[in-house]
Amino acid sequence: MQFNCGFTPFIMPKRVAEAPANKAIAEHAPKDWHIGSGPFKFAIGEFQPGTKVVYEKNADYVPRKEKASWMAGGKVVKVDRVEWINVGDPQTTVNALIKGEIDYIEQPVHDLFPAIKKSPDIVLHDFNKMGLLGWMRINWLHPPFNNAKVRQAVLMAVNQEDYLAVLVGDPEYYKYCASFFTCGTTYESSAGAPDMKKPNVEKAKQLLKEGGYKGEEILILHPTDLKAITPYGPVTEQALKKIGMNVKLLAMDWASVVARRAKQDAPAQGGWHIFHTFWVGADLLNPVTNAGMNAKGPKGGFFGWPEDPDMEKMRADFIKETDPAKQKAIAEAITKRAFEQVMYVPIGQMQFPAAYRKSLSGVLDGPVPVFWNVEKK
Amino acid sequence: MGRFLALRLIATIPVMGVVAIVVFVLVRLDRGKAAAQLCGDICPPERLAEIMTRLGMDKPLWEQFGLWLLQLLQGDFGRSIQSQIPVLKLIGDRVEPTLSLAATTLLFSVLVAVPMGVVAAWQHGRWPDRLIMIFSVIGFSVPVFVLGYVLILAFPLSLGWLHVQGFQSIGAGLGGFLARITLPTLALSVIYIALVARITRTSMLEALSQDYIRTAYAKGAATRTVLIAHALRNAAVPIVSVIGIGLVLLIGGVVVTETVFNIPGIGRLTVDAILGSDYPIIQGVLLVFSVIYVLINLVIDVLYTLLDPRIRY
């Protein structure tokens with residue numbers, strides 16, 4: 001294992017891992033190169049980038065005896081192949097499912113749930129109970145947000161319900177979650193959290209005053225092409241205007257957000273103040289895997305670059321600690337510190353169920369869709 | 001004619017040169033986007049800089065352009081940043097669905113629109129003319145994607161006919177091909193039919209007012225003969241022009257239609273490349289489209305001479 005690629009340690013031969021990022025790995029071409037050592041094999045010959053990926057049952061794979069559980073246990077494949085089709089339009093995807101042209105949609109948009117629920121042949125399956133969690137990320141490097149009091153003012157201005165209602169709509173599929181670690185899991189904590197159902201406008205204004213906010217223009221990166229993030233920008237704009245901030249939404253595509261959020265320049269020189277994103281609940285289970293808790297500053301960590309040696313020390317303590325009770329106490333202290341420093345603003349937890357036709361059975365839960373154990377009539 | 005064709009082909013070289021420069025500069029305006037996407041969620045500035053260097057984005061613009069031009073002259077359009085697959089292969093893989101859709105749309109539209117225009121001109125001022133003109137106005141006004149959704153609701157979802165999405169090569173079976181291409185063709189044809197029908201009508205009205213039409217009637221020629229053999233033949237030049245110009249509209253519409261009907265064609269490839277900042281693909285597709293436009297115009301110019309022998313180049 002050569003590199004730690006994010007939170008998932010991918011295992012690959014040294015020579016492949018060391019290949020430059022701008023060069024194709026040619027080794028997948030030879031027939032003897034075995035792509036996929038797990039229950040499925042990647043069918044390289046049928047790969048159409050942006051259109052279709054095919055996975056075939058790996059006849060040489062021997063599953064474990066236990067029952068499958070998330071990514072563990074016996075992964076028994078009961079179909080010959082899985083075709084993963086990229087359909088660009090959400091309405092077309094649902095229409096194709098209703099018509100029976102496809103069997104499964106990983107993430108139909110919530111607006112189309114009424115149409116899905118009307119069909120007697122389709123099941124909505126919340127395969128990832130931990131859901132997704134929205135973030136408002138603040139840039140710590142530049143005024144006014146290099147001052148904790150101004151960041152706290154933003155935290156006070158937020159009403160999670162506004163974000164959740166506009167993005168998801170149906171309360172059945174979202175929940176209030178004033179925690180940095182996924183609600184419903186071990187380290188969930190609201191230590192030090194304000195009431196994020198009820199903004200405290202007066203307190204926020206007071207904090208802005210104490211933080212020396214002088215009416216600087218706040219630039220929010222606003223992607224207009226990403227259904228799961230687009231609604232956040234105007235909600236934040238509204239919330240910050242209510243507490244007297246001078247806000248500007250910069251409309252752009254997500255690729256531009258990705259490029260601009262990496263810039264550490266001052267906002268007026270091509271940088272930024274705020275952007276929104278969301279993470280899979282399974283990534284936010286503890287202070288180590290939650291990228292938002294990384295406080296290494298400009299030379300490390302997730303965009304926004306918070307720098308807080310105390311936070312880093314607590315994260316190190318958490319890693320070293322082996323007693324679960326003490327780990328929990330550290331996670332709680334980290335939560336308190338994170339709300340105090342406003343590592344980011346949590347804006348709620350959402351469920352994104354999959355939809356599939358009843359001709360499928362044995363569909364399992366998981367952090368991502370898994371297709372072992374699935375049978376098709 | 002041979003000299004004309006040779007001159008026209010030579011004239012395309014500066015046109016393509018200008019297109020190449022514009023495409024290159026436009027795409028490079030956002031040169032950091034692709035590197036940022038490759039860099040991922042945890043992206044320290046030094047890693048971003050390293051990726052930009054690997055992609056050659058740190059070189060001066062003129063140097064990047066020179067290298068790209070050199071590649072182009074060798075028939076190398078570069079590789080996709082995301083998939084590392086040669087751009088020409090990606091375009092080649094997506095050509096069939098787009099060409100199929102364009103061809104069926106063109107064929108269907110011309111077969112429907114020209115007779116509609118002829119009938120409207122023949123029945124000028126009467127109810128068939130008014131009906132066709134109302135259809136034309138509606139055809140121009142309804143966006144392709146709205147029409148696409150309405151057709152999907154009406155046929156596959158309500159009646160169970162035809163497919164909602166996807167593409168099947170004609171080589172894999174005519175039935176499967178038609179079941180998938182019919183609705184996108186209908187959706188894309190409407191605006192094209194509206195355009196061609198209107199121009200045909202106008203052009204036919206002009207032709208029908210000429211003396212030779214009266215002479216033809218006086219000689220006892222049948223209405224069908226007068227309309228088709230005399231009037232339509234003489235009205236054909238502007239109709240052919242608009243069919244050619246309409247291909248531009250058609251290619252624009254293909255992008256939307258391919259998205260609504262999930263057709264893996266060049267339109268989808270372009271949209272995905274733009275969203276993913278995969279600039280070698282964007283450059284390649286724009287260049288290929290530019291060549292197609294130039295060739296379409298050339299074909300139209302040649303057709304003029306065949307339709308009207310008085311035209312000389």
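Here is the naming used below: chain letters follow the sequence lines, and residue numbers restart at 1 for every chain.
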**Student:** Which of the residues B:Pro156, B:Gly166, B:Ala273 is involved in the greatest number of heavy-atom pairs with chain A at under 4.5 angstrom?
**Tutor:**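 Among B:Pro156, B:Gly166, B:Ala273, the one with the most close pairs to chain A is B:Pro156.
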**Student:** Under the salt bridge (charged side-chain N to carboxylate O under 4.0 Å, His left out) definition, can you give me all pairs with a residue in residues 291-307 of chain A, not counting sequence neighbours?
**Tutor:**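 Found A:Lys296-A:Glu312.
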**Student:** Exactly one of A:Asp89, A:Asn95, A:Thr93, A:Thr92 should register a side-chain contact (heavy atoms from CB on, under 4.5 Å) with B:Gln165. Which one does?
**Tutor:**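 In the set A:Asp89, A:Asn95, A:Thr93, A:Thr92, the residue that makes a side-chain contact (heavy atoms from CB on, under 4.5 Å) with B:Gln165 is A:Thr92.
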**Student:** For atom CH2 of A:Trp84, is the number of surrounding heavy atoms from other residues, nucleotides or ligands below 6.0 Å larger than 12?
**Tutor:**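 Yes, CH2 of A:Trp84 has more than 12 neighbouring heavy atoms, counting only those of other groups under 6.0 Å.
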**Student:** Might you confirm whether atom CZ of B:Phe145 has over 12 heavy atoms from other residues, nucleotides or ligands at distances under 6.0 Å?
**Tutor:**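 Open: at most 12 neighbouring heavy atoms sit under 6.0 Å from CZ of B:Phe145.
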**Student:** So which heavy atom on B:Asp272 is nearest to which on A:Gly50, and how close?
**Tutor:**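 Shortest heavy-atom separation between B:Asp272 and A:Gly50 comes out as OD2-O, 3.8 Å.
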**Student:** Quick one: of A:Ala255, A:Pro49, A:Ala262, who has the most non-hydrogen atom pairs under 4.5 Å with chain B?
**Tutor:**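 Option with the top pair count is A:Ala255.
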**Student:** Could you tell me whether the side chain of B:Arg268 reaches within less than 4.5 Å of the side chain of A:Thr51, counting heavy atoms only?
**Tutor:**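 SC-SC contact between A:Thr51 and B:Arg268 ruled out.
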**Student:** Please tell me if the side chains of A:Asn86 and B:Asn262 come closer than 4.5 Å, counting only heavy atoms from C-beta onward.
**Tutor:**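 They are not in contact (no side-chain heavy atoms under 4.5 Å apart), so the answer is no.
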**Student:** Indicate yes or no for a side-chain donor-acceptor contact from A:Glu101 to the backbone of B:Val164 under 3.5 Å, with no hydrogens or angles considered.
**Tutor:**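 Side chain of A:Glu101 to backbone of B:Val164, a donor-acceptor pair under 3.5 Å: yes, one is there.
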**Student:** What part of B:Leu162 gets within 4.5 angstrom of chain A, counting heavy atoms only: side chain, backbone, both, or neither?
**Tutor:**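 Backbone only.
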**Student:** Rounded to the nearest 0.5 Å, what's the gap from CD1 on B:Ile85 to CD on A:Gln48? Could you check?
**Tutor:**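 One finds 10.0 Å between CD1 of B:Ile85 and CD of A:Gln48.
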**Student:** Counting only heavy atoms not in A:Lys376, do more than 12 sit closer than 6.0 Å to its NZ atom?
**Tutor:**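 Atom NZ in A:Lys376 is not crowded, with 12 or fewer foreign heavy atoms closer than 6.0 Å.
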**Student:** Who in residues 86-97 of chain B is close to chain A, using a strict under-4.5 Å heavy-atom cut-off?
**Tutor:**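 Answer by number: B:Leu90, B:Arg94.
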**Student:** Within residues 148-155 of chain B, which residues come under 4.5 Å of chain A, heavy atom to heavy atom?
**Tutor:**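 Against chain A, the residues of residues 148-155 of chain B that fall inside the cut-off (heavy atoms, under 4.5 Å) are B:Tyr149, B:Ile152.
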**Student:** Quick check on the structure: residues of residues 168-183 of chain B within a heavy-atom distance below 4.5 Å of chain A, by number.
**Tutor:**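 Answer by number: none.
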